[in-house]
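As structure tokens, the structure follows; a few thoughts come after it.
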Amino acid sequence: MWPQIPSRDRFLGLRITPLTRRRLQNFRANRRGYWSFWIFAALFVLSLFAEFIANDKPVLVAYKGELLMPVFAAYPETRFGGDFETEADYRDPFVTELIEAEGWIVWPPIRYSFNTINYDLPVPAPAPPSAENWLGTDDQGRDVAARVIYGFRISVLFGLVLTAFSSVIGVMAGAVQGYFGGWLDLLFQRFMEIWGGMPVLFLLIILASVIEPGFWTLLTLMLLFSWMALVGVVRAEFLRARNFEYVQAARALGVDNATIMFKHLLPNAMVATVTFLPFILNGSITTLTSLDFLGFGLPPGSPSLGELLAQGKANLQAPWLGISGFVVIACTLTLLVFVGEAIRDAFDPRKTVG
């Protein structure tokens, strides 16, 4: 049996090098960023199960000894002894009585989905917060708490997907520029100066007004401009390291350019790249919120934090709309900024933990 290496630890079956251990210690040392990471992660994981938190369908139904989950499947009203073949409206007292006569119902904490309209409001919409609608309703009678939960989920997912795609493209573009240099680097830099000088938000508004908006449509449009965020960082690292001795030795041994770029140089460039990711995610969420606020974002009716802010602007007599949207967006962006600062400290070679 091979002897264990004393300078390495194991975590979840993976070896942790001393360098990685030092970075983790630096990350934990930044208490503000460390706890912000766990708070944001907990909120995001909870939002992934939004259907079990806010929904107009029961989580579990027991009827005549059979367990049903309306969250995952649509059951007709005739399944419970009703008259219609369409999907059962579980908020209808008649359907509820039919089910409870032969079983029981388990509801989520919030009995509204993001598009459920409360037709039993005691006052005209938008209605203020109450025991039925924790954060009130918007101007169409939809529950604000449910829309906040679903809107937070789609905003973070949109930001994560956009950050991932733009990071891959930006790292590849910067690596090619910095490694080969010369005319390729010169022409690419001139192209980026022209492309980066365009008014991005105005172009997104124009394109979104021409093309039917949607999740993947907006993602593609924003990807056209967001990929440039990491090009400069990666390019500078490749320009600095491409003439190092170990790179020249690899070339002398006949190693191809792709292997040198992505096996020897890219790990060094990723140190600076990773520190920018939370801030890129911040920018992606902010841009989506801005487009939704201006009415050029996700399709009408979609759960959106920007649309909630727009409703708050249009209904100043209902301050709970603007306050709810502002608090969620402000807390989300603040948590991400704190996480980004902690990651920056973790990868800073000058930072040491006593």
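In this pair, Phe152 and Phe40 present their aromatic rings perpendicular. The plane angle is above 60°, beyond the 30 to 60° band. Taking the six-membered ring where tryptophan is involved, the planes of Phe188 and Phe191 are perpendicular, since the angle between them exceeds 60° and thus also 30°. Ring orientation note: the planes of Trp38 and Tyr34 are nearly perpendicular, at an angle over 60° on the 30°/60° scale.
With a 6.0 Å radius and a threshold of 12 heavy atoms from other residues, nucleotides or ligands, Trp35 has its CH2 atom at or below the threshold. Counting heavy-atom neighbours within 6.0 Å of Phe276 CZ, excluding the residue itself, gives a total of 12 or less. With a 6.0 Å radius and a threshold of 12 heavy atoms from other residues, nucleotides or ligands, Tyr246 has its OH atom above the threshold. Counted within 6.0 Å of CE on Met192, heavy atoms from surrounding residues, nucleotides or ligands total more than 12; the atom is thus considered enclosed. Residue Glu245 places its CD atom among 12 or fewer non-hydrogen atoms of other residues, nucleotides or ligands, all under 6.0 Å distant. Atom CZ of Phe165 has 12 or fewer heavy atoms from other residues, nucleotides or ligands within 6.0 Å.
For the residue pair Gly33 and Val339, the shortest heavy atom distance occurs at O-CG2, 3.9 Å. Residues Pro126 and Thr137 approach most closely at CB-O, 3.2 Å, considering heavy atoms.
A cation-pi arrangement is not found for Arg242 relative to Phe180, the charged atom failing to lie both closer than 6.0 Å to the ring centre and inside a 45° cone about the ring normal.
In this model, a donor atom of one side chain and an acceptor atom of the other lie less than 3.5 Å apart for Asn133 and Asp143. A donor-acceptor pair shorter than 3.5 Å cannot be found between the side chains of Arg147 and Tyr112. If you check the side chains of Gln311 and Glu307, you find a donor sitting under 3.5 Å from an acceptor.
The shortest distance between side-chain heavy atoms of Leu60 and Trp104 falls below 4.5 Å. For the pair Asp120 and Glu132, the minimum side-chain heavy-atom distance is 4.5 Å or more. A heavy-atom distance below 4.5 Å is not found between the side chains of Tyr90 and Arg111. By the 4.5 Å heavy-atom criterion applied to side chains, Val247 and Arg251 are counted as neighbours. Inter-residue side-chain proximity for Leu298 and Leu218 is flagged as met; some heavy-atom pair is nearer than 4.5 Å.
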